[in-house]
Amino acid sequence: MNKEDVEKNNALINEKRFESEEMEFDITDPQENFKPVVDTFSSLVEKRFKESESKTPEEENIEDEDLNVADADEDEPTTQEDPNNNNNNSSTDNNNNNINLGDKPPRLQFGDPNRPKKPRHGGWKPFNYKLEDYPPKPLLPDNSDLLLQQIIRPATADKSHLTPPIGSEVHIHYIARLPHVTSSLTGFPKIFDSSRSRQHDFSFVIGSGEVVQGLDLAVAVMHPGELSVFTIDPSLGYGEIGHPPRVPPNSVIQFEVELLFFKNLAATKAAKIGIPFSERFTTAEGEKFAGNEQFKKKPPAYRQAAKSYNRALSSFNGLREPELTEAELKQLKDFKIALWLNLALCELKTNNAGKAVEYGRKVVEVDAENVKGLFRLGKGLRLKKEWGEAREMLKKAYELDNGVRNDVSLELKLLREEEEVERQNKSMKGFYK
């Protein structure tokens with residue numbers, strides 16, 4: 001084998017590295033039409049590298065104290081995963097068949113007829129179908145192509161009337177692909193995440209904001225046992241920022257989803273009606289503490305933290321607020337504001353500007369002069385390129401608190417730069433018309 005062959009072989013080995021980390025959904029114009037592809041066995045050889053996450057300087061002095069994270073921790077290390085940690089325990093000893101291991105059998109060499117076969121795809125056989133054979137169906141009321149469904153395998157007749165309602169816990173298997181990015185190994189669309197590779201289903205609560213909006217809406221129309229492929233526009237996916245390094249900015253994404261089953265939590269929610277406020281509050285505090293611990297991990301587990309904060313909020317489902325005392329109402333209001341602020345920060349950390357704006361608005365609606373709510377709402381709006389309202393929110397935060405002026409000034413500077421780039425891009429488009 002010459003030097004060139006060795007380099008090619010090493011490159012192929014590096015390309016086949018595949019991690020099994022926890023799925024992290026971090027949920028704006030429609031992309032151009034994409035060409036359907038044959039989806040067969042690409043999950044066998046697809047790979048992805050662990051994401052590098054780092055603390056953004058503009059947030060060093062404005063993190064929510066409710067997270068028990070130091071606000072001015074300027075030495076917080078970036079949380080980069082080691083791409084070389086492959087847990088490779090293989091040996092290159094070619095003489096193992098001649099070694100006497102006592103009661104243990106000799107190490108089986110590649111090609112040995114008695115060598116046990118490793119299960120492919122974690123023991124799962126990929127579905128073999130041609131995507132172009134299944135017509136896409138718009139799911140949104142305006143029949144736009146922002147969210148398209150292709151039903152590969154319908155549910156059985158006895159389950160075709162069942163769909164998961166809002167608030168239900170769904171269990172799915174999924175393979176997430178980039179239809180516009182071709183794998184250099186297979187020639188098929190690149191896989192950037194998969195529950196199949198982890199050999200464990202993924203669960204989330206419909207309507208809770210735990211996943212990107214497109215997937216949330218998609219699974220809500222599925223039936224148990226159904227297999228579908230959903231094509232999701234960036235505005236309902238990872239947006240203009242993407243999810244570096246796995247998902248580029250403005251990327252259309254595809255999810256092959258199998259709905260295994262769902263749990264209707266309405267009965268559980270109804271059972272909570274009689275629970276006293278003090279007991280609910282204790283439960284919620286426990287969930288919030290768990291979320292803070294996830295947030296403080298190295299690297300931080302932002303999605304898991306967000307789940308805990310959402311569970312804390314759900315502790316108050318069915319609560320009859322008119323029956324609360326004035327002190328209890330204030331306690332509830334302050335606690336919800338803290339949770340919304342924490343959720344907004346988690347969404348900003350995971351580049352999900354839409355959800356960050358949603359939680360920021362909840363804070364500002366309840367407390368119009370909440371500086372952190374205004375700041376996080378403004379930052380989310382800037383990321384969504386809604387610069388006018390973003391500037392308004394950031395200026396309010398600047399006027400209310402001297403302590404955040406450096407952070408607000410940085411956000412306003414970024415906003416002006418982005419507006420200028422957008423203006424130049426538009427002028428160049430007009431020039432070449």
Side-chain angles (χ1 to χ4, degrees), residues 25-31 56-59 62 64 140-142 144-147 209 211-217 232-244 247-253 302 306 337 340-401 404-430:
F25 282 111
D26 311 326
I27 341 210
T28 8
D29 293 328
Q31 296 288 302
T56 55
E58 62 268 22
E59 288 182 349
I62 197 161
D64 195 344
L140 298 183
D142 60 0
S144 66
D145 60 355
L146 300 183
L147 182 60
V211 298
V212 290
Q213 188 179 4
L215 184 64
D216 205 343
L217 295 170
I232 302 173
D233 182 79
S235 61
L236 299 177
Y238 295 99
E240 297 186 354
I241 299 174
H243 193 318
V247 181
N250 278 323
S251 291
V252 171
I253 53 178
Y302 297 124
I337 286 175
W340 290 329
L341 285 171
N342 294 353
L343 283 163
L345 182 57
C346 287
E347 300 300 345
L348 288 172
K349 291 285 191 180
T350 51
N351 296 329
N352 191 349
K355 296 300 292 184
V357 168
E358 178 183 328
Y359 292 123
R361 288 197 193 282
K362 287 179 182 291
V363 173
V364 174
E365 285 171 4
V366 176
D367 181 3
E369 295 187 351
N370 187 289
V371 175
K372 290 183 179 179
L374 289 167
F375 178 84
R376 291 171 190 174
L377 173 57
K379 179 168 179 137
L381 289 166
R382 178 184 69 79
L383 294 174
K384 290 185 68 179
K385 293 189 175 182
E386 296 179 20
W387 293 309
E389 189 180 1
R391 183 181 289 105
E392 180 185 349
M393 296 298 109
L394 291 169
K395 284 185 176 180
K396 282 184 181 179
Y398 186 91
E399 294 168 358
L400 286 168
D401 190 346
V404 301
R405 288 191 171 182
N406 289 338
D407 301 287
V408 173
S409 296
L410 178 58
E411 281 297 313
L412 290 170
K413 179 182 177 183
L414 292 172
L415 188 153
R416 288 192 296 270
E417 291 174 351
E418 290 170 359
E419 281 184 312
E420 179 61 21
V421 170
E422 183 74 8
R423 187 190 64 78
Q424 291 179 2
N425 288 340
K426 287 183 178 178
S427 64
M428 291 299 292
K429 285 181 182 178

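When a residue number appears, it is its place in the shown sequence, counting from 1.
- Note that CG of Asn250 and CG of Asp233 are 8.5 Å apart. Values are rounded to the nearest 0.5 Å.
- Looking at residues two or more places apart in sequence or on another chain, you find no side-chain hydrogen bond (donor to acceptor under 3.5 Å, both in side chains) involving Glu399.
- Partners of Glu417 by side-chain hydrogen bond (donor to acceptor under 3.5 Å, both in side chains), not counting sequence neighbours: none found.
- Listed by chain and residue number, nothing satisfies the salt bridge (charged side-chain N to carboxylate O under 4.0 Å, His left out) test with Glu369 (two or more places apart in sequence, or in another chain).
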- For Lys372 and Asn342, run side-chain contact (heavy atoms from CB on, under 4.5 Å): C-alpha distance rounded to whole Å, both residues' side-chain angles, the deciding distance at 0.1 Å, then the answer. CA-CA 10 Å; Lys372 290 183 179 179; Asn342 294 353; over 6 Å; no
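- For Pro234 against Ser251, the heavy-atom pair with the smallest separation is CG-O, 3.6 Å.
- With sequence neighbours excluded, the residues satisfying side-chain hydrogen bond (donor to acceptor under 3.5 Å, both in side chains) with Glu418 are Arg382, Trp387.
- Atoms CD and CD, from Gln213 and Glu358 in turn, are 8.5 Å apart once rounded to the nearest 0.5 Å.
- For Arg416, there are no side-chain hydrogen bond (donor to acceptor under 3.5 Å, both in side chains) partners two or more places apart in sequence or in a different chain.
- Side-chain contact check for Leu341 versus Leu345: every heavy-atom pair is 4.5 Å or farther apart.
- With a 4.5 Å cut-off on side-chain heavy atoms, Arg391 and Glu419 count as touching.
- Taking 4.5 Å as the limit, some side-chain heavy atom of Val366 sits within range of a side-chain heavy atom of Trp340.
- Considering CD of Glu411 and CE of Met393, their distance stands at 14.0 Å, rounded to 0.5 Å.
- The salt bridge (charged side-chain N to carboxylate O under 4.0 Å, His left out) check on Lys396 picks up Glu392, with sequence neighbours excluded.
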